[in-house]
Amino acid sequence: MPKSRIRKKADYTPPPAKQATALKLTSRSWVAPVMLALFLIGLAWIVVFYVTDGSLPIDALGNWNIVVGFGFIAAGFGVSTQWK
């Protein structure tokens, strides 16, 4: 019976080096200050409303001042979705 051929294993060849791709990074440095400012404005609006017994910030709005304060806070959360 003839002897079968022995296969020679190929030497290890590492995969080709990946080229570094240029990432397009947009500057989002404005997001954190705007987000924090909106949070603080909303919080200050509500605190001022309660401390002054409803006479400030806008007397004509009455209890809707709370909605305005929470609107600023909600806008802060909306801006926070842009943070990377």
Side-chain angles (χ1 to χ4, degrees):
M1 172 154 253
K3 191 175 179 183
S4 63
R5 291 188 209 169
I6 298 174
R7 293 185 188 152
K8 183 180 174 185
K9 288 187 176 181
D11 292 335
Y12 174 75
T13 55
K18 293 184 180 180
Q19 295 288 335
T21 58
L23 296 175
K24 182 180 178 185
L25 297 175
T26 58
S27 176
R28 300 283 175 120
S29 61
W30 60 272
V31 174
V34 170
M35 176 185 64
L36 292 175
L38 288 171
F39 286 156
L40 292 175
I41 290 170
L43 179 65
W45 193 287
I46 294 170
V47 168
V48 167
F49 174 73
Y50 277 116
V51 169
T52 61
D53 290 329
S55 62
L56 286 177
I58 300 175
D59 190 26
L61 289 179
N63 286 336
W64 283 98
N65 280 305
I66 298 171
V67 175
V68 172
F70 278 113
F72 277 113
I73 294 171
F77 279 113
V79 169
S80 71
T81 62
Q82 299 299 314
W83 196 1
K84 288 187 177 185

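One-based numbering along the sequence shown.
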Throw together a table of side-chain donor-acceptor distances under 3.5 angstrom for residues 69-77, partners on residues two or more places apart or in other chains.
none

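- Phe49 and Leu56 fall into different hydrophobic clusters, defined by Ile, Leu, Val, Met, Phe, Trp and Tyr side-chain heavy atoms under 4.5 Å apart, directly or through other members.
- Criterion: ILVMFWY side-chain heavy atoms under 4.5 Å apart, direct or through other members. Under it, Ile46 and Leu40 are not part of a common hydrophobic cluster.
- In this structure, Ile41 is a member of the same hydrophobic cluster as Ile58, with clusters built from ILVMFWY side-chain heavy atoms closer than 4.5 Å.
- Connection of Val48 to Val68 is not established within any shared hydrophobic cluster, with ILVMFWY side chains joined at heavy-atom distances below 4.5 Å, either directly or through further cluster members.
- Among pairs with a residue in residues 46-59, none fulfils side-chain hydrogen bond (donor to acceptor under 3.5 Å, both in side chains), at least two apart in sequence or across chains.
- For Arg28 against Gln82, the heavy-atom pair with the smallest separation is NH1-O, 2.9 Å.
- Residue pairs meeting the side-chain hydrogen bond (donor to acceptor under 3.5 Å, both in side chains) criterion with at least one member in residues 67-81: none, sequence neighbours excluded.
- Remark: the backbone N or O of Pro57 is not paired with any side-chain donor or acceptor of Asn65 at under 3.5 angstrom.
- Between Val34 and Phe39 the shortest side-chain heavy-atom distance does not fall below 4.5 Å.
- Apart from Leu43 itself, the hydrophobic cluster it occupies contains Val47, Val51, where clustering links Ile, Leu, Val, Met, Phe, Trp and Tyr at side-chain heavy-atom distances under 4.5 Å.
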